[in-house]
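The structure appears right after this line, and notes come after that.
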Number of protein chains: 2
Amino acid sequence: MTTDDTPTRAVAVLVVIFTVESGKLRVLLIRRSAEPFKDAWSLPGGLLQEGDSLLDAATRRLDVETGVSDVFLEQLYTFSGLGDRDSVDVAYWALVDGGSARLARRDEWQPAWSNVGDLPDLAFRNRDVVEYALGRLKNKLAYSNVAYSLLPREFTLSQLQQAYEAILATTLDKRNFRKRILTLGILEETGATAGEGRHRPAKLYRFRERRPVMF
Amino acid sequence: MTTDDTPTRAVAVLVVIFTVESGKLRVLLIRRSAEPFKDAWSLPGGLLQEGDSLLDAATRRLDVETGVSDVFLEQLYTFSGLGDRDSVDVAYWALVDGGSARLARRDEWQPAWSNVGDLPDLAFRNRDVVEYALGRLKNKLAYSNVAYSLLPREFTLSQLQQAYEAILATTLDKRNFRKRILTLGILEETGATAGEGRHRPAKLYRFRERRPVMF
DNA sequence: CCAAAAGTGTTGGCTGTACACCCATGT
DNA sequence: ACATGGGTGTACAGCCAACACTTTTGG
């Protein structure tokens, strides 16, 4: 068996990184500094280096762009023919807490948050990728605790509800939301209250599990 | 920009092909004729050839092994490090009607149906791949019409129920099953009845849509 | 005392599940 | 006549959606 007769492909890893900030759902985009699509916005990504696993590559990319790790990160879909060449692109998606993310600062490929639903033109078919990820997110919100990855360790039920509303792009009834979430048994009270409010203090909660759990 | 500095990988496509036959859920396996894992069972697959899209490759593989096309075929997951080398393996899964499948006959790599839940030892980590596909199938059965791809064009409600039972590995209540399926509105009566039975003739139904629809 | 957000229950409709008997056909 | 699978309805429970007012705090 020779090594030359096995066809190979350039394999790239993309990451769709969502966060919720001031009641808006956002995605991390970078500005391309190279052709093709120079100066266009696109999703962060890069070629799969020799010896890397896909998850390694996605984890590293997420860390490089936002400085966070230990967050929800899951494979999304694998595209062929997304880029200009006949590369294979493995997309991942992640949820990060806007508060703990520290965007990379570099001269080129500057990352920035962009409101979903108000996206600029994106390179390649990256808009489809974001739409697909958004669908997955909405779905997963309904039957898992992924929201743990969008909020700080301790949070109020109102914050949690705002995150849900931003993602689903709807308003939710407060009483029904609280009842539903609390009866799931995935939260616990910390005992403390959020003091910084200029109004009535709110109970703080945290997720029992800081890793994905399906209901 | 040189072409040599971009690292590339061998990309393979695998297909998990399910069918239901005589009340059992089965998967298509082939016997390997080459090292490594010579003579072990494994999922059908092959390297992604130059110019092929992933879906092309999966479609062709499915056709080669079973002779069917126009069936449910969907991407499952992309693994790295599944094989012995550092290849990237894109898994697909499919549902075929056992009656219309005609297994390939060749001297090597003979394909054969194997009962899920009674699998032989599989090469690489193919057992995990089958398990993952099975989970997806069970799930999708609950909120889509994918079963259209497991049955002939016209079928009785009992056949449909048997398919569901085989997949979910449970028994279902006949009245509840019929009510649930019929109120979904995804079936229509053909007007004909199944005459070949040696008992009471059964109404024949068909799926309104022969392509995936989510509820 | 006013503004702002937190917190809290009840009702009605719908959906899913449990459950048993008669019917049509072939032998 | 009997064996085999086809076909049918009801009642209860759990879940989800609609809906409004009181409380606590800071200014």
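Residue numbers begin at 1 in each chain, while the letters A, B, ... track the order of the sequences. Everything numeric here is computed off the predicted structure, so don't read it as measured data.
- Side-chain atoms of His199(A) lie closest to dT25(D) of the nucleotides dC19(D), dG5(D), dT25(D).
- Counting to the nearest Å, the C1' atom of dC21(D) and the CZ atom of Arg175(A) are 9 Å from each other.
- A sub-4.0 Å separation between OP1 or OP2 of dG5(D) and a side-chain N or O of Ser158(B) is absent.
- Between Asp52(B) and Arg60(B) there is a salt bridge, since at least one side-chain N of the basic residue sits less than 4.0 Å from a carboxylate O of the acidic one.
- Here dC16(D) presents its C1' atom at 16 Å from CZ of Phe215(A), a figure rounded to the nearest Å.
- Side-chain to base pairing of Arg200(A) with dA6(C): one donor and one acceptor N or O lie within less than 3.5 Å of each other.
- Other residues, nucleotides and ligands contribute more than 12 heavy atoms inside 6.0 Å of the CG atom of Asn176(A).
- Below 30°, between 30° and 60°, or above 60°: for Phe207(B) and Phe155(B) the angle between ring planes is between 30° and 60°, a tilted geometry.
- Closest to the Lys174(B) side chain, of the nucleotides dT8(D), dC19(D), dT8(C), is dT8(D).
- Nearest nucleotide to the side chain of Asn176(B), out of dA20(C), dT17(C), dC19(D): dT17(C).
- Regarding Phe177(A), its CZ atom lies at a distance of 16 Å from the P atom of dA18(D), rounded to whole Å.
- The base of dG7(D) lies outside donor-acceptor range of the side chain of Lys203(B), with no N or O pair under 3.5 Å.
- Of the residues in residues 178-192 of chain A, those lying under 4.0 Å from DNA chain C by heavy-atom distance are Arg178(A), Lys179(A).
- At least one donor-acceptor pair closer than 3.5 Å links the side chain of Arg102(B) to the backbone N or O of Gly99(B).
- Checked against dA6(C), dG9(D), dG6(D), the side chain of Ala202(A) finds its nearest nucleotide in dA6(C).
- Nucleotide dC19(C) holds its P atom 15 Å from the CG atom of Leu172(B), rounded to whole Å.
- Looking at Lys24(B) and Glu165(B), no side-chain N of the basic residue comes within less than 4.0 Å of a carboxylate O on the acidic one, giving no salt bridge.
- A distance-only check finds a donor-acceptor pair linking the side chain of Asn145(B) to the backbone of Arg211(B) [under 3.5 Å].
- Between the C1' atom of dC16(D) and the CG atom of Asp173(A) lies a distance of 11 Å, rounded to the nearest Å.
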Query raised in the report: Passes salt bridge (charged side-chain N to carboxylate O under 4.0 Å, His left out), Glu189(A) versus Arg206(A)? Steps please.
Result: CA-CA 6 Å; Glu189(A) 297 189 19; Arg206(A) 85 182 109 204; over 6 Å; no
